[in-house]
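Input: a single structure, listed below in structure tokens.
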There are 2 protein chains.
Amino acid sequence: MVLDEFDRGILAILQRDNLTSQRTIGEAVNLSAPAVQRRIKKMTEAGIIQANVAIVDPTALGHAITIFVEVEIISETSGQIEAAKREFETMPEVQQCYYVTGEADFVLVILVPSMPAYEALTKKLFFGNNNVKKFRTFVAMDRIKVGLQVPTA
Amino acid sequence: MVLDEFDRGILAILQRDNLTSQRTIGEAVNLSAPAVQRRIKKMTEAGIIQANVAIVDPTALGHAITIFVEVEIISETSGQIEAAKREFETMPEVQQCYYVTGEADFVLVILVPSMPAYEALTKKLFFGNNNVKKFRTFVAMDRIKVGLQVPTA
DNA sequence: CGTGAAAAAGCGGCGTC
DNA sequence: GACGCCGCTTTTTCACG
């Protein structure tokens with residue numbers, strides 16, 4: 001699916017605030033509200049808009065600690081990779097998971113309420129998984145920027 | 001502000017899909033729609049709900065490449081740290097930026113349309129900054145999970 | 001907090017270009 | 001095929017009990 005300038009304008013707004021009314025969006029991009037709606041529907045069906053979510057402050061829910069983990073696995077067969085993906089994916093503490101090239105195989109962004117909780121998670125995810133060769137932990141001290149907006153330009 | 005089980009239930013749903021109607025949410029948590037609405041408003045004003053956004057597939061916008069970078073800086077004086085924070089923060093390609101402990105000082109999540117674009121960015125951000133000791137790049141091959149859901153349990 | 005009414009937004013059909 | 005216009009339906013929103 002190919003996106004024109006209208007679609008890009010709509011996405012730019014939706015990435016900032018997806019509760020903006022279709023009429024307001026229409027005024028911003030010079031389109032009628034139904035036209036905006038049709039484009040949003042199309043982009044959603046095409047998978048371009050993947051989800052609509054509320055961003056919640058982790059500290060309010062007691063999950064104050066953000067941790068980055070680089071995971072190196074032993075056997076890089078596609079079956080093992082898929083198994084690892086699925087395991088990371090199902091853990092609620094694992095916020096983001098990427099399969100990467102470089103000195104590691106996976107990069108995880110994890111959110112936990114405390115360091116003991118993280119230790120418990122490492123026991124389950126890494127020490128309890130004999131396909132994990134090693135992992136490196138980075139504890140976030142400051143969240144400088146949490147961007148989700150893909151540049152539309 | 002203290003959250004009860006109703007609030008947690010509402011947040012759990014909103015983090016998955018913030019377009020869910022208040023009536024549906026109310027049925028799920030055993031509350032009337034206006035009660036749900038009041039709680040959402042309160043949590044938004046309290047900053048617990050920080051934003052409502054559409055998650056967009058970066059590839060659809062031509063920013064197909066996600067890159068993780070660990071940055072190690074030379075001088076860890078607070079002035080240098082702050083300067084680095086500000087520089088990373090202002091770049092639109094830098095989606096996420098955390099100041100971390102461990103073998104690196106910063107972890108960045110970067111989104112670029114191509115590898116040449118990333119090379120150009122490294123020249124500006126890292127090679128052009130004589131306070132950067134070294135950096136390690138991880139190119140994402142697969143986006144397994146882009147979680148934003150803080151566990152509510 | 002829940003009920004119920006008013007306002008607004010979402011949604012679909014139809015004619016037009 | 002996509003647009004805008006016009007109703008209908010759903011949702012949001014705010015009074016009041």
Side-chain angles (χ1 to χ4, degrees), chain A residues 1-62 148-153, chain B residues 1-64 146-153:
Chain A
M1 178 177 174
V2 54
L3 302 179
D4 60 18
E5 285 312 305
F6 290 118
D7 294 317
R8 287 193 151 75
I10 292 169
L11 288 179
I13 294 171
L14 256 30
Q15 285 190 94
R16 280 211 327 268
D17 179 11
N18 74 339
L19 267 34
T20 310
S21 77
Q22 296 166 353
R23 186 179 54 84
T24 306
I25 297 172
E27 286 167 5
V29 300
N30 283 323
L31 229 50
S32 72
V36 171
Q37 188 198 352
R38 282 190 287 261
R39 283 163 179 270
I40 291 175
K41 187 180 178 184
K42 252 195 171 177
M43 291 191 284
T44 303
E45 285 167 352
I48 293 167
I49 296 174
Q50 300 183 323
N52 288 282
V53 300
I55 304 298
V56 174
D57 179 8
T59 63
L61 283 160
L148 296 150
Q149 297 174 38
V150 183
T152 50
Chain B
M1 177 173 176
V2 53
L3 302 180
D4 60 18
E5 285 313 305
F6 290 119
D7 294 318
R8 286 192 150 76
I10 293 169
L11 288 179
I13 294 171
L14 256 31
Q15 286 188 94
R16 281 210 325 268
D17 179 10
N18 73 340
L19 267 35
T20 310
S21 78
Q22 296 165 355
R23 184 177 53 83
T24 306
I25 298 173
E27 286 167 5
V29 300
N30 283 323
L31 231 49
S32 73
V36 171
Q37 138 84 349
R38 281 190 286 264
R39 282 163 182 270
I40 292 175
K41 188 179 179 185
K42 253 194 172 178
M43 291 191 284
T44 303
E45 287 167 351
I48 293 167
I49 296 174
Q50 299 183 323
N52 288 283
V53 300
I55 304 299
V56 174
D57 181 6
T59 63
L61 282 160
H63 283 67
V146 192
L148 296 148
Q149 299 175 36
V150 183
T152 51

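Values below: all heavy atoms of this structure, side chains included; hydrogens, waters and symmetry mates excluded. Chain naming here is simple, since letters A, B, ... match the order of the sequence lines and numbering starts at 1 in each.
- No side-chain heavy atom of B:Arg23 sits under 4.5 Å from any side-chain heavy atom of B:Val36.
- Under the 3.5 Å distance criterion, with hydrogens and angles disregarded, no donor-acceptor pair is assigned to the side chains of B:Asn52 and A:Asn18.
- A straight line from CG of A:Asn18 to P of D:dT12 spans 12 Å, rounded to a whole angstrom.
- Taking every side-chain heavy atom of A:Lys42 into account, D:dA2 is the closest of C:dC1, D:dT12, D:dA2.
- A pairwise comparison of heavy atoms in B:Ile13 and B:Ala28 identifies CD1-CB, 3.8 Å as the closest pair.
- The nearest heavy atom of DNA chain C to B:Val36 and to A:Leu19 marks one nucleotide each, and the one closer to the 5' end goes with B:Val36.
- Nucleic acid contact for B:Gln37: sugar-phosphate only, since backbone atoms but no base atoms lie under 4.0 Å from a heavy atom of the residue.
- Put simply, CD on A:Gln22 is 18 Å from P on D:dC6, counting in whole angstrom units.
- In this entry the distance linking CD1 of B:Ile10 with C1' of C:dC1 reads 13 Å, nearest Å.
- Note: CD1 (A:Ile25) to P (C:dC11) measures 12 Å, nearest angstrom.
- Between the CG atom of A:Leu31 and the C1' atom of D:dG4 there is a distance of 10 Å, given to the nearest Å.
- When the side-chain nitrogen and oxygen atoms of B:Arg23 are compared with OP1 and OP2 of D:dT12, none of them lie within a distance under 4.0 Å.
- Contact of A:Arg38 with D:dG1 (side chain to base): no donor-acceptor pair of N or O atoms is detected under 3.5 Å.
- Between B:Met1 and B:Ala46, the shortest heavy-atom distance links the atoms SD-CB, 3.7 Å.
- In this structure, the CD1 atom of A:Ile40 is 16 Å from the C1' atom of D:dA2, given to the nearest Å.
- With distances taken from any side-chain atom of A:Pro34 to the nucleotides C:dG2, C:dA9, C:dG12, the minimum falls on C:dG12.
- The shortest distance between side-chain heavy atoms of A:Leu61 and B:Thr152 falls below 4.5 Å.
- Close to D:dT13, at under 4.0 Å from its OP1 or OP2, lies no side-chain N or O of B:Lys41.
- For B:Arg39, taking side-chain heavy atoms from C-beta onward, the closest of the listed nucleotides C:dC1, D:dG4, C:dG10 is C:dC1.
- B:Glu27 places its CD atom 14 Å from the P atom of D:dT10, with the value rounded to the nearest Å.
- Per the geometry, CD belonging to A:Glu45 stands 12 Å off P belonging to C:dC11, to the nearest Å.
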